[in-house]
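Note that these values count all heavy atoms, side chains included, but never hydrogens, waters or copies made by symmetry.
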Amino acid sequence: MAARRCENGSGQYHCTHTNQSLEISYTLVLIMLGKVFLDFFMLQIKPKPVKTSFMACFCVSVALLDFTLLLSICFIFCFEDFALWGMRFTKYHICLFTQITSLTYGILHYPVYLVAALDYYTTVSQTSQFPRRARKLLYVFAVAVIWISGFFSTLEAAAEEPEMQNGVSPSQCPVSGSLQSHSVSCAMVLLLGMALLARWKEVTTMLLSARLLSFSSQPVLMFSYVPNNNTCFKWQLLSRLLLCFLGTWAPFVVLQAVVLLLGVQIPAYVEMNVPWLYFINSFLLAAAYWCRCHDVELTEEGWCTDPFVSWKFCFMPFNNESTEPADKPDTGIILC
């Protein structure tokens, strides 16, 4: 099996191409080292405990797979040419492993996001009707099935192509970007832009009413405004969800829009990372809350799925008895 350029033209594996010339010896090691550090950093800085979900399990699996790939690259780089279990490994395999991983990452966006969306849509309105241990086992099984299916699909498609028999320069490692990731980014930016345009007036009013207060010894933002009683609850909720989401992920949304406008091609093995998955996680949760707003249960356990965004204040007015200063306006209050 030889390292190859990404030239698969089938619909399932359609990739955008990055004609990058990477120095295998150092560049890939540095890229993977930075990505692994970022993955585990995001897993460790979660400000609050997280309820088990499919996306949480998948984030851990991505971090572990990246760490395994980094160890493999470093091991091959250090020993350069060695045999293990009857198979000879050279620096050439660094590029091969990276390309296989990149192709696999590139085809997993749709199935992962679809399963996560279904998970949130079916569980956002209930707390513990399904046994917790059984749910964890189901998530682990689903993650394993997705990874195994992805790797086998990639290897099968790669083996059928004649280009796999052609080698590449040892100083280059062409890798692919993911069309799935690009289309998801375009869809998210478009949906967020449309939502902001639709609720621009109310969002602006809420932002102008923002005040910094102290709640439970922590600084928080309070949005005090008079809601329009003639507006449908789902439209009012959309404004609140937008504020909560953008309050955490606005820099990420701006970066995403800039990347799309500039047409920057990012390798698929870099695109699939834990920060990106947490960003998608918040977006999918907001969509699930909005679609099932009348079925959401206002319990503490139900708000622990997202470690970075507090969604519960979108559904209830904030009782500011413990805030400072202790003035109580007669308007509706939301805390994000």
Side-chain angles (χ1 to χ4, degrees), residues 48 50-59 108-130 135 138-139 142-143 146 180-181 183-203 206 223 225 227-250 252-253 256 276-318 332 334-336:
K48 57 183 179 180
V50 181
K51 178 183 174 182
T52 303
S53 65
F54 168 79
M55 187 64 86
C57 293
F58 190 78
C59 286
L108 290 187
H109 291 271
Y110 288 167
V112 169
Y113 304 156
L114 177 61
V115 174
L118 291 175
D119 176 37
Y120 291 143
Y121 186 82
T122 56
T123 61
V124 75
S125 61
Q126 58 184 348
T127 54
S128 59
Q129 297 181 9
F130 196 70
R135 184 183 301 169
L138 181 61
Y139 290 149
V143 169
I146 286 179
Q180 291 187 7
S181 177
S183 60
V184 168
S185 296
C186 291
M188 288 185 63
V189 171
L190 181 61
L191 289 174
L192 288 172
M194 292 173 60
L196 276 175
L197 287 176
R199 306 304 301 162
W200 178 254
K201 185 177 180 179
E202 186 172 356
V203 170
M206 293 172 65
F223 300 95
Y225 75 108
N228 187 352
N229 294 329
N230 297 326
T231 305
C232 175
F233 170 71
K234 292 194 71 170
W235 287 112
Q236 293 182 15
L237 178 62
L238 180 60
S239 303
R240 305 178 183 188
L241 292 173
L242 279 171
L243 274 178
C244 285
F245 180 80
L246 295 177
T248 300
W249 296 109
F252 214 93
V253 175
Q256 192 178 16
W276 166 258
L277 292 174
Y278 275 132
F279 172 69
I280 295 291
N281 180 69
S282 296
F283 182 86
L284 294 177
L285 260 176
Y289 283 138
W290 191 70
C291 292
R292 305 202 63 183
C293 58
H294 298 291
D295 302 319
V296 175
E297 296 184 4
L298 305 180
T299 59
E300 288 299 323
E301 183 183 358
W303 308 118
C304 298
T305 308
D306 195 329
F308 294 100
V309 182
S310 296
W311 299 106
K312 66 179 178 180
F313 300 110
C314 294
F315 291 87
M316 62 182 73
F318 176 58
I334 302 173
L335 178 70
C336 295

Separation between CG (L237) and CG (L242), nearest 0.5 Å, reads 9.5 Å
Decide yes or no for S185 and W276: does some side-chain heavy atom of the first lie under 4.5 Å from some side-chain heavy atom of the second? yes
Of all the heavy-atom pairs spanning W235 and E202, show the shortest one and how long it is. O-OE1, 4.4 Å
Quick one: closest heavy-atom pair of M55 and I280, and the distance? CE-CG2, 4.1 Å
Nearest atoms (heavy-atom pairs only) where R199 meets L238: CG-CD2, 3.7 Å
With F252 via ring-ring contact (aromatic ring centres under 6.0 Å, His included) - residues at least two apart: W249, F279
Do the side chains of V143 and V115 get nearer than 4.5 Å, heavy atoms only? no
Can you measure from CZ (R292) to OG1 (T122) and round to the nearest 0.5 angstrom? 8.0 Å
Y278: partners by ring-ring contact (aromatic ring centres under 6.0 Å, His included), with sequence neighbours left out: F308
List for me each residue that meets ring-ring contact (aromatic ring centres under 6.0 Å, His included) alongside Y113, sequence neighbours excluded, and say none if there are none. H109
In this structure, OG of S239 is separated from CH2 of W200 (nearest 0.5 Å) by 12.0 Å
Would you confirm whether T248, through its side chain, and F245, through its main-chain N or O, come within 3.5 Å as a donor-acceptor pair? no
Candidate pair L284 and Y121, rule side-chain contact (heavy atoms from CB on, under 4.5 Å), full reasoning: CA-CA 9 Å; L284 294 177; Y121 186 82; over 6 Å; no
Rounded distance (nearest 0.5 Å) linking atom CG of L241 with atom OH of Y289: 9.5 Å
To the nearest 0.5 Å, what is the distance between CG (D119) and CZ (F58)? 13.5 Å
Gap between atom CG of L191 and atom CG of L196 - 0.5 Å precision: 11.0 Å
Would you mind reporting whether F54 and I146 have side-chain heavy atoms less than 4.5 Å apart? yes
Ignoring hydrogens, what is the shortest heavy-atom contact between T52 and C57? Give both atom names and the distance. CG2-SG, 4.3 Å
